[in-house]
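Presented below is the structure to which this report refers.
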Amino acid sequence: MKKVSDCTVNQIIWLNENNFLLELIAPDSLPDIRPGNFAELRIDDSRDVFLRRPFTILETDKTNNTIRFFIKIIGAGTRKLGTLSEGDQVNMIFPLGNSFSIPVKGPVLIVGGGSGIAPFILLAKELQNQGIPITFLFGGRTHQEILLIDQYKAFGEVFITTEDGSAGEKGVVTQHSVFNKIANYNMIYACGPEPMMKAIGNIAHHHNKSCEVSLENMMACGFGACLCCIVETKSGNQRVCTEGPVFNINDLTWQI
Amino acid sequence: MKKVSDCTVNQIIWLNENNFLLELIAPDSLPDIRPGNFAELRIDDSRDVFLRRPFTILETDKTNNTIRFFIKIIGAGTRKLGTLSEGDQVNMIFPLGNSFSIPVKGPVLIVGGGSGIAPFILLAKELQNQGIPITFLFGGRTHQEILLIDQYKAFGEVFITTEDGSAGEKGVVTQHSVFNKIANYNMIYACGPEPMMKAIGNIAHHHNKSCEVSLENMMACGFGACLCCIVETKSGNQRVCTEGPVFNINDLTWQI
Amino acid sequence: MADLSVKIGDLQLKNPVMTASGTFGFGEEFADFIDLNRLAGIVVKGLTPKLREGNPYPRMAETASGMLNTVGLQNRGVDYFINHIYPRIKDLDTHIIVNVNGSTVEEYIEVTKKINKLANVPAMELNISCPNVKEGGMAFGVSCPSAMAVTKAVREVYDRTLIVKLSPNVTAIDDIAIAVEEAGADAVSLVNTFLGMAIDAEKQKPILSTITGGLSGPAIKPIALRMVWQVSQAVEIPVIGMGGIMDATDAIEFILAGASAIQVGTANFIDPQVSVKIIEGIDEYLEQHDIDSIAELVGALNID
Amino acid sequence: MADLSVKIGDLQLKNPVMTASGTFGFGEEFADFIDLNRLAGIVVKGLTPKLREGNPYPRMAETASGMLNTVGLQNRGVDYFINHIYPRIKDLDTHIIVNVNGSTVEEYIEVTKKINKLANVPAMELNISCPNVKEGGMAFGVSCPSAMAVTKAVREVYDRTLIVKLSPNVTAIDDIAIAVEEAGADAVSLVNTFLGMAIDAEKQKPILSTITGGLSGPAIKPIALRMVWQVSQAVEIPVIGMGGIMDATDAIEFILAGASAIQVGTANFIDPQVSVKIIEGIDEYLEQHDIDSIAELVGALNID
Ligand SMILES: Cc1cc2nc3c(=O)[nH]c(=O)nc-3n(C[C@H](O)[C@H](O)[C@H](O)COP(=O)(O)OP(=O)(O)OC[C@H]3O[C@@H](n4cnc5c(N)ncnc54)[C@H](O)[C@@H]3O)c2cc1C
Ligand SMILES: Cc1cc2nc3c(=O)[nH]c(=O)nc-3n(C[C@H](O)[C@H](O)[C@H](O)COP(=O)(O)OP(=O)(O)OC[C@H]3O[C@@H](n4cnc5c(N)ncnc54)[C@H](O)[C@@H]3O)c2cc1C
Ligand SMILES: Cc1cc2nc3c(=O)[nH]c(=O)nc-3n(C[C@H](O)[C@H](O)[C@H](O)COP(=O)(O)O)c2cc1C
Ligand SMILES: Cc1cc2nc3c(=O)[nH]c(=O)nc-3n(C[C@H](O)[C@H](O)[C@H](O)COP(=O)(O)O)c2cc1C
Ligand code: FES
Ligand code: FES
């Protein structure tokens with residue numbers, strides 16, 4: 001069941017000057033939150049932000065009802081979120097969207113590009129619980145864009161690519177040598193810029209691997225009411241906020 | 001010369017839960033500021049505040065370029081100003097408007113109603129410099145609305161009226177016994193709610209006393225460009241922000 | 001508790017607050033957030049004779065105190081509604097009102113006839129600002145003769161409360177209102193969205209896939225309020241007001257301007273509980289102002 | 001530094017940024033804040049044949065991302081302008097453009113003839129959305145025949161660059177633009193304000209003395225931008241765009257949509273230095289995007 005809650009900021013942890021973790025405390029016990037779910041945060045009293053902003057739920061802690069988000073500053077709304085301080089109120093609608101499916105057996109490959117790293121901590125926890133081995137591959141332009149690696153290392157092997165070669169293999173994610181062993185993996189998950197997801201989708205498709213991607217999109221409501229956030233699927237236009245954000249590439253009409 | 005300056009909040013001093021003093025530091029030396037002048041403050045990043053807000057300049061300190069305002073919270077803009085903290089930036093256009101005239105000789109009576117007390121500290125300083133004796137009369141609904149009295153006591157005798165009798169004489173300002181000795185005064189200044197100013201104007205008119213009032217008004221610009229802030233005068237509509245905010249009652253078309 | 005009930009044609013509303021078409025899905029999307037039975041009515045997403053995929057993505061752009069949308073009437077068609085959605089929502093204790101669309105008069109009639117048979121749909125809202133219609137791309141809602149023609153045709157096949165939803169993109173919305181009143185409308189609702197546009201200066205491209213889209217939200221409130229005022233002076237039938245209503249104060253303003261009821265649109269996206277908060281806020285306002293019935297407030301603006 | 005110059009009729013502008021009538025006084029109000037000579041032009045407050053006191057107070061209401069005004073063309077009349085104001089501003093190194101108003105065609109002609117003689121007023125802006133005119137209270141700017149008639153009449157007595165300022169309160173602003181183009185306008189400027197209204201729910205009264213007023217500011221930008229786009233597709237003459245421009249990015253959007261130049265209005269109230277900042281911002285944009293001349297950007301919106 002979806003909720004609208006007035007949450008309290010517990011802390012903001014800056015990862016670098018453009019990225020931070022926002023930790024909120026919900027006023028009552030957390031509902032069931034699945035890997036891939038997101039929340040819509042209301043950014044109050046900001047002249048340039050009219051609608052809510054969607055963010056993937058990075059982590060939850062049921063013992064103290066906290067929820068964490070990984071946030072990258074890209075405009076007025078995310079900038080304003082970064083100015084919050086402990087004790088400030090943030091109104092949140094959550095949990096929203098569908099979630100990743102968990103395969104019967106592994107191993108799985110998780111690929112994150114740029115700031116497309118948020119959905120995978122909850123997913124990794126779930127996969128770990130099911131005893132499924134995970135390989136991570138994260139790509140960015142430079143090593144400064146490679147974040148949360150230490151957290152991910154707790155769940156499996158982590159490969160890195162950077163376009164400038166400042167960390168891991170030089171290049172883009174799809175060029176990474178892990179794809180030489182693609183046959184090993186039973187399933188691929190991807191999140192990041194659309195061209196990257198399409199490229200991963202392409203590889204998965206040609207190797208006949210099941211592949212789920214988490215899409216971003218301009219959302220007005222986030223809970224299925226406005227029909228603004230559609231993506232073309234083989235069964236017609238679907239709402240990314242409700243039928244997604246996670247889609248199996250076989251259901252999309254991507255030319256891959 | 002008018003300026004647009006990015007000022008820094010030096011401090012906020014709360015007088016009670018609805019009224020505070022805002023002290024700003026200007027980035028460079030203060031221009032000449034006259035009693036009655038006001039400033040237009042920009043209230044940034046607030047969804048409900050589109051235009052600037054006008055506030056009378058309460059006090060200035062040329063040695064450290066500070067300017068103080070007395071602010072009463074009445075809506076979104078003033079509320080937001082009250083949430084500023086030391087070091088925050090506030091953009092200010094100043095000094096704006098005309099100023100009170102200084103009579104050749106006193107004594108003078110200064111009448112302030114409700115929050116109409118801001119223009120009189122600069123005026124009192126100037127009058128004191130000219131050796132002109134001042135009597136103050138401040139009215140409010142209760143003693144909680146009688147503010148800044150200690151500061152005013154430094155410049156002359158201070159009378160008080162409250163509607164509930166919780167301080168000074170019970171009643172409204174125009175009923176105060178000081179008006180029995182109205183013949184003693186050479187000039188009257190008034191600021192406060194319009195009906196109060198009209199009542200004072202009436203008394204002044206019937207006793208043939210010169211009387212200046214400082215008008216409030218809905219302003220879009222504050223510096224003469226929009227023609228939104230007019231008041232009817234005997235020589236046609238005039239801009240309160242430019243030909244005012246101080247008017248001699250003889251120039252207004254008030255039915256007194 | 002004051003009397004909040006109002007009447008629109010034969011339609012008895014328990015309070016003046018409905019939700020606007022296209023901003024509230026079929027109500028179900030809000031069931032987790034509010035008790036839908038508190039609402040006077042739910043105007044469901046616009047229906048057409050057949051399934052429509054709507055316009056391509058991107059469909060949304062945020063603007064100063066507002067948003068542009070170009071959903072393009074995506075819906076599964078009236079039959080799907082009747083067979084799959086209506087059964088799920090028909091027993092709610094609120095009025096289900098269907099927003100009817102078509103690209104030709106015939107299409108409007110087709111949907112209307114089907115809706116006319118649904119026991120628990122006591123009213124329809126005829127949407128005459130759909131951009132893809134016969135008359136040379138000119139919408140039905142922007143000329144008096146075409147607005148009149150479609151209203152008349154629909155009136156003939158519809159037995160219940162007929163609300164006609166007006167487009168604000170016109171020189172004289174009062175003339176259009178008079179035309180649809182003459183054609184038999186029981187009420188008018190206004191405003192639909194304003195045609196607007198957003199550009200990405202960096203990419204030098206329009207933000208919306210269709211270049212232009214419909215503007216809604218508080219940005220349009222002053223114009224919507226003026227139009228409600230203007231129309232309520234011009235017609236005898238009840239006026240349903242909307243356009244940028246975010247809280248009870250906004251709703252009261254529309255009612256004072258002449259609206260017998262209001263619809264909440266874009267605000268539902270920002271606060272899915274806002275419609276119920278508005279009902280509560282109106283009730284408080286009436287109590288604070290010692291007004292027994294909301295009906296006393298309709299058009300009560302004091303202009304001296 | 002890129003080439004910022006543009007041409008409007010015979011009018012050579014050093015950059016595309018002018019200030020909008022009624023929001024910049026006669027320029028002098030801004031002399032303390034900016035170097036007026038940086039501006040391409042100043043459109044002065046609307047003039048009428050005789051002194052007008054304008055509308056009663058209150059004349060202003062703040063709205064979401066905008067404001068309503070009902071100044072009502074307060075001005076001292078064209079003769080006062082010519083004798084007292086013009087001499088003070090005529091030697092500025094910027095174009096002084098007079099915004100001409102009247103309640104009848106004769107009045108427009110009267111003002112125009114007087115302005116036509118001023119050596120340093122190279123252009124006029126014919127304001128055809130004044131609310132008090134002959135045709136039964138209907139403004140000149142909301143019907144093609146009347147817009148055409150007044151433009152033609154003024155064209156006959158005016159030798160220089162004639163800009164006609166269009167009202168957005170119409171069904172088809174492109175049709176009006178075509179009509180004034182045919183009548184001899186050298187350029188059109190748009191938009192003027194949208195008719196709107198604000199209500200004080202507590203007092204149950206309109207906020208403005210005249211009940212309705214004109215809406216300006218960022219709230220209207222999406223609609224203004226759409227109209228500039230629409231008009232620039234419809235006419236050959238240059239389009240001057242305005243409506244909610246707050247910064248250089250907004251200005252670029254209007255230029256991409258088809259405006260050869262822009263005017264800054266309400267933004268001047270919030271930041272009296274904004275017009276110069278916009279000029280600087282446009283220059284930066286051109287540099288960052290490696291564009292040699294602003295002319296390349298006019299109407300360059302990429303719609304695939
Ligand atoms: C389901 C979902 C989950 C998300 N999860 C995260 C997350 O965990 N962490 C995170 O940092 N971000 C996440 N995002 C993206 C995030 O919502 C946007 O970065 C945020 O809304 C930007 O707000 P802003 O006001 O800062 O920027 P704005 O000023 O609104 O936008 C700046 C620029 O970015 C573009 N833009 C904004 N939002 C989007 C979008 N959603 N898709 C494409 N372009 C956009 C705008 O058009 C504009 O050009 C997610 C988005 C979705 C839809
Ligand atoms: C020349 C001048 C000097 C002023 N000096 C001071 C001062 O020293 N200290 C101080 O506290 N206030 C002063 N004011 C008033 C102050 O500008 C307003 O209180 C402020 O703008 C309110 O902003 P807000 O956003 O808090 O309220 P809003 O939300 O804008 O307004 C709340 C309510 O008050 C009404 N209102 C707002 N401003 C005015 C106004 N100026 N006249 C009449 N009604 C208004 C609104 O219509 C609304 O109903 C002065 C005003 C002027 C014109
Ligand atoms: C995303 C979206 C979709 C809409 N779809 C419809 C629709 O299908 N039929 C209709 O008559 N109006 C539709 N509208 C218009 C609204 O019902 C309403 O008239 C308009 O948004 C103004 O009200 P608001 O400012 O409160 O949103 C839609 C509006 C939005 C924002
Ligand atoms: C206070 C005020 C006064 C105005 N007076 C005039 C006028 O005299 N003549 C005119 O053509 N337009 C007038 N306008 C309209 C503006 O020139 C401009 O067209 C409109 O405000 C839209 O631009 P903006 O949103 O940038 O303000 C006035 C606008 C405002 C806000
Ligand atoms: S964002 Fe509204 S339906 Fe998805
Ligand atoms: S507030 Fe603009 S002229 Fe006075």
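In what follows, every chain begins at residue 1, and chains take the letters A, B, ... in the order their sequences are listed.
- Interface remark: C/I173 contributes no atoms to any contact with chain D (heavy atom separation under 4.5 Å).
- For chain D, the nearby part of C/I211 is the side chain; its heavy atoms alone come within less than 4.5 Å.
- Smallest separation of non-hydrogen atoms from D/T171 and C/V170: OG1-CA, 3.2 Å.
- For D/L68, the part lying near chain C is the side chain, with the backbone staying farther off; criterion is any non-hydrogen pair under 4.5 Å.
- Neither the backbone nor the side chain of C/A224 comes within less than 4.5 Å of any heavy atom in chain D.
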Show the numbers, then the answer: is there a side chain to side chain contact (heavy atoms under 4.5 Å, CB included) between D/I223 and C/L215?
CA-CA 8 Å; D/I223 319 180; C/L215 182 66; 3.7 Å; yes
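- Judged as a salt bridge (Lys or Arg N to Asp or Glu O under 4.0 Å), and not counting sequence neighbours, C/D174 has no contacts.
- If you measure heavy-atom distances from D/A257 to chain C, the contacts under 4.5 Å come from both the backbone and the side chain.
- Interface remark: of the candidates C/H289, C/K221, C/M246, C/H289 forms the most heavy-atom pairs closer than 4.5 Å to chain D.
- Of all residues in residues 189-209 of chain D, those placing a non-hydrogen atom less than 4.5 angstrom from a non-hydrogen atom of chain C are D/F194, D/L195, D/G196, D/M197, D/A198, D/I199, D/A201, D/E202, D/Q204, D/K205, D/P206.
- For chain D, no part of C/F254 is nearby; none of its heavy atoms comes within less than 4.5 Å.
- Contact count against chain D (heavy-atom pairs under 4.5 Å) is highest for C/L256 among C/I252, C/L256, C/D304.
- Contact count versus chain D (heavy atoms, under 4.5 Å) is highest, among C/A219, C/P222, C/G213, for C/P222.
- Listed by sequence position, the residues of residues 259-283 of chain C in contact with chain D number zero, using a 4.5 angstrom heavy-atom cutoff.
- Using a 4.5 Å cut-off between heavy atoms, C/T249 touches chain D through backbone and side chain atoms alike.
- For the ring pair (Phe, Tyr, Trp, His ring centres under 6.0 Å) test, no residue two or more places apart in sequence or in another chain qualifies with C/Y57.
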